[in-house]
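Written out below as structure tokens is the structure these notes cover.
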Amino acid sequence: MEKNSSIIHVILTGGVGSRLWPLSRKSQPKQYLEIFENKSLFEMTVERNNHLADKVMVVGNVDNHHLSGKVMDKTKTSYLNIVEATPRNTAAAIAFAAFAADSEDILIITPSDHIIDKMDDYNIAIQDAILKAKEGYIVTFGIIPTKPETGYGYIESKGDNVISFREKPNETTAKEFIARGNFLWNSGMFCFKAGVLLDELKQFQPDVYEKSKQVWDQSKEGLLDLNLSMKIPSISIDYAVMERSKKIKVVPASFSWSDLGSFESVYEYLVSKGHPIDANGNMVIGCDSHTTFLGLKNTIFVHTETANLILQKENSQDVKDVYSSLEKQNSDLLN
């Protein structure tokens, strides 16, 4: 008799959100900031999926797993804790979750720092993906785009078949993608049977498979060894499996989605929730004292105790360069 498989929600919590500095720091990455109606993106991710899954796994790292733990306590969610000693990109993170599951279990992989609205559409997309996963497919979620966005990768599709994966485009290419009408934003969300994913990883990236398995087999209560982990190649799941496997399907989804990867997307989200802006579109984040903008348009003033950032909304993607230069100086302002 076949044993019942579980549906497991796997939350990936790596990443610092360097484009949201100074709000996002190593000690308080963007997914834990309670700036979204007094909830964090992480908490919203847990709640959004709690009715869909039988079990929850959280793949985090030594620096942030205590922050995840606080959220899981707050939401009274029991979970399996997988703690990476060092970040090794998404192929390894997802492999650990698959090793921790039974091969017939269906895993729904979601990042912890995305905003999703239109929950009816979301639930339909998830159910569609689960059905395809039961048939042995690895499912990726492609978001029907609302504008020529240069901050996301794209999936070229025909129905639920993937024609190609494309890197983040420039403005001209993004407009071309939108005009062609069969390009979707690559959401970084996946659904598959644990065993199917591991078989494909073993075939296409055996080094990641073998070294991740060694680390997992040596793990103690979900804590992974640093020296063994350093040997795992740092490769994304897109490169390791998605762009190579013949078992990929895409669910074109019409739920509203943003990875909130930049202040521009945070700005748009906050405006949609009634966060104040002045007549020229200027916004203050993180500061209660009265602030006036003179002769400025679409400026975002981000205030924290130790650092301020003043930027033109259109320059949001450049914040990562500020982060990088502070990193080179080994600055305390990143902690």
Side-chain angles (χ1 to χ4, degrees), residues 15-24 28-45 47-48 110-122 125 141-155 168-175 177-178 183-189 252-288 291 293 296-304 308-323:
V16 178
S18 58
R19 287 177 295 171
L20 292 189
W21 180 87
L23 280 187
S24 189
Q28 197 73 5
K30 71 168 176 174
Q31 57 270 30
Y32 304 103
L33 300 169
E34 293 194 344
I35 55 172
F36 306 98
E37 294 144 272
N38 294 324
K39 284 183 183 174
S40 64
L41 295 170
F42 186 109
E43 184 178 340
M44 290 156 79
T45 302
E47 289 179 345
R48 180 185 314 130
T110 74
S112 58
D113 54 0
H114 291 180
I115 277 282
I116 289 173
D117 279 324
K118 297 197 199 158
M119 288 316 297
D120 290 349
D121 293 337
Y122 178 77
F141 293 80
I143 311 297
I144 297 165
T146 52
K147 61 176 185 189
E149 171 65 64
T150 56
Y152 301 149
Y154 284 73
I155 299 168
K168 293 175 181 176
N170 61 27
E171 188 78 27
T172 313
T173 311
K175 285 179 174 153
F177 287 173
I178 302 297
F183 282 78
L184 304 163
W185 288 336
N186 187 352
S187 70
M189 290 173 51
S254 53
F255 54 83
S256 134
W257 173 89
S258 166
D259 74 348
L260 288 190
S262 69
F263 278 113
E264 184 161 18
S265 48
V266 169
Y267 177 103
E268 285 166 8
Y269 176 75
L270 290 175
V271 167
S272 78
K273 294 294 176 191
H275 189 95
I277 49 175
D278 72 10
N280 292 313
N282 300 304
M283 176 184 281
V284 177
I285 298 176
C287 174
D288 292 330
T291 307
F293 297 83
L296 297 170
K297 280 187 175 165
N298 298 333
T299 301
I300 307 173
F301 171 48
V302 185
H303 171 77
T304 70
N308 296 322
L309 174 68
I310 299 161
L311 72 151
Q312 217 51 75
K313 183 170 63 134
E314 295 70 30
N315 289 60
S316 293
Q317 296 295 337
D318 302 336
V319 177
K320 63 178 180 298
D321 301 337
V322 178
Y323 189 95

Checklist entry - Looking at Phe263 and Trp21, what are the two nearest heavy atoms and their distance? => result CE1-O, 3.3 Å

Checklist entry - Atom CD of Glu264 and atom CD of Gln312: how far apart are they, to the nearest 0.5 Å? => result 11.0 Å

Checklist entry - Between atom CG of Asn315 and atom CG of Asn298, what is the distance when rounded to the nearest 0.5 Å? => result 11.0 Å

Item to check | Side-chain (Lys313) to main-chain (Gly281) donor-acceptor, under 3.5 angstrom | outcome: no

Item to check | Closest non-hydrogen atom pair, Pro111 against Thr45 | outcome: O-CG2, 3.6 Å

Checklist outcome for this item: Shortest non-hydrogen pair, Ser272 vs Tyr269, comes out as OG-O, 2.6 Å

Checklist outcome for this item: Output for pair (Asp117 CG, Asp120 CG), nearest 0.5 Å, gives 11.5 Å

Next on the checklist: Could you go through Gln28 and Thr304, starting from their C-alpha distance and side-chain angles, then the distance that decides it, and tell me whether this counts as side chain to side chain contact (heavy atoms under 4.5 Å, CB included)?
Outcome noted: CA-CA 12 Å; Gln28 197 73 5; Thr304 70; over 6 Å; no

Checklist entry - Does the pair Met44 and Ile115 meet the rule for a side chain to side chain contact (heavy atoms under 4.5 Å, CB included), with working shown? => result CA-CA 8 Å; Met44 290 156 79; Ile115 277 282; 3.5 Å; yes

Checklist entry - Can you name the nearest heavy-atom pair linking Lys147 to Ile178, along with the distance? => result O-CD1, 3.6 Å

Checklist outcome for this item: Hits for salt bridge (charged side-chain N to carboxylate O under 4.0 Å, His left out) against Glu314, two or more places apart or cross-chain, chain-then-number order -> none

Checklist entry - Out of curiosity, Met283 CE to Phe293 CZ, how far, rounded to the nearest 0.5 Å? => result 9.5 Å

Item to check | CG-OG distance between Asp113 and Ser24, expressed to the nearest 0.5 angstrom | outcome: 9.0 Å

Item to check | Exercise: identify the closest heavy-atom pair between Glu149 and Ala174 | outcome: O-CB, 4.0 Å

Item to check | Ile143 backbone acceptor or donor facing Ser187 side chain under 3.5 Å | outcome: no

Checklist outcome for this item: Of all heavy-atom pairs linking Gly261 and Lys30, the shortest is CA-NZ, 3.6 Å

Checklist entry - For the atom pair CG (Leu184) and CH2 (Trp257), what is the distance rounded to the nearest 0.5 Å? => result 11.0 Å

Checklist entry - What orientation do Phe42 and Tyr32 show, parallel under 30°, tilted 30 to 60°, or perpendicular over 60°? => result parallel

Checklist entry - Taking His114 for the side chain and Leu41 for the main chain, is one N or O donor matched with an acceptor at less than 3.5 Å? => result no

Item to check | Asn186 (side chain) donor-acceptor with Ile155 (main chain) under 3.5 angstrom | outcome: no

Next on the checklist: If you apply the rule side chain to side chain contact (heavy atoms under 4.5 Å, CB included), what do you find for Leu311 with Ser316, and how did you get there?
Outcome noted: CA-CA 7 Å; Leu311 72 151; Ser316 293; 3.9 Å; yes

Next on the checklist: Do Pro22 and Val302 make a side-chain contact, defined as non-hydrogen atoms from C-beta onward lying under 4.5 Å apart?
Outcome noted: yes

Next on the checklist: Within the 4.5 Å heavy-atom criterion, are Leu20 and Val319 side-chain neighbours or not?
Outcome noted: no

Checklist entry - Quick check: are there more than 12 heavy atoms from other residues, nucleotides or ligands sitting under 6.0 Å from CG of Asn170? => result yes

Item to check | Trace of the side chain to side chain contact (heavy atoms under 4.5 Å, CB included) decision for Tyr152 with Ser258 | outcome: CA-CA 10 Å; Tyr152 301 149; Ser258 166; 3.6 Å; yes

Checklist entry - Would you say the side-chain atoms of Asn280 pair up with the backbone N or O of Asn282, donor to acceptor, closer than 3.5 Å? => result no

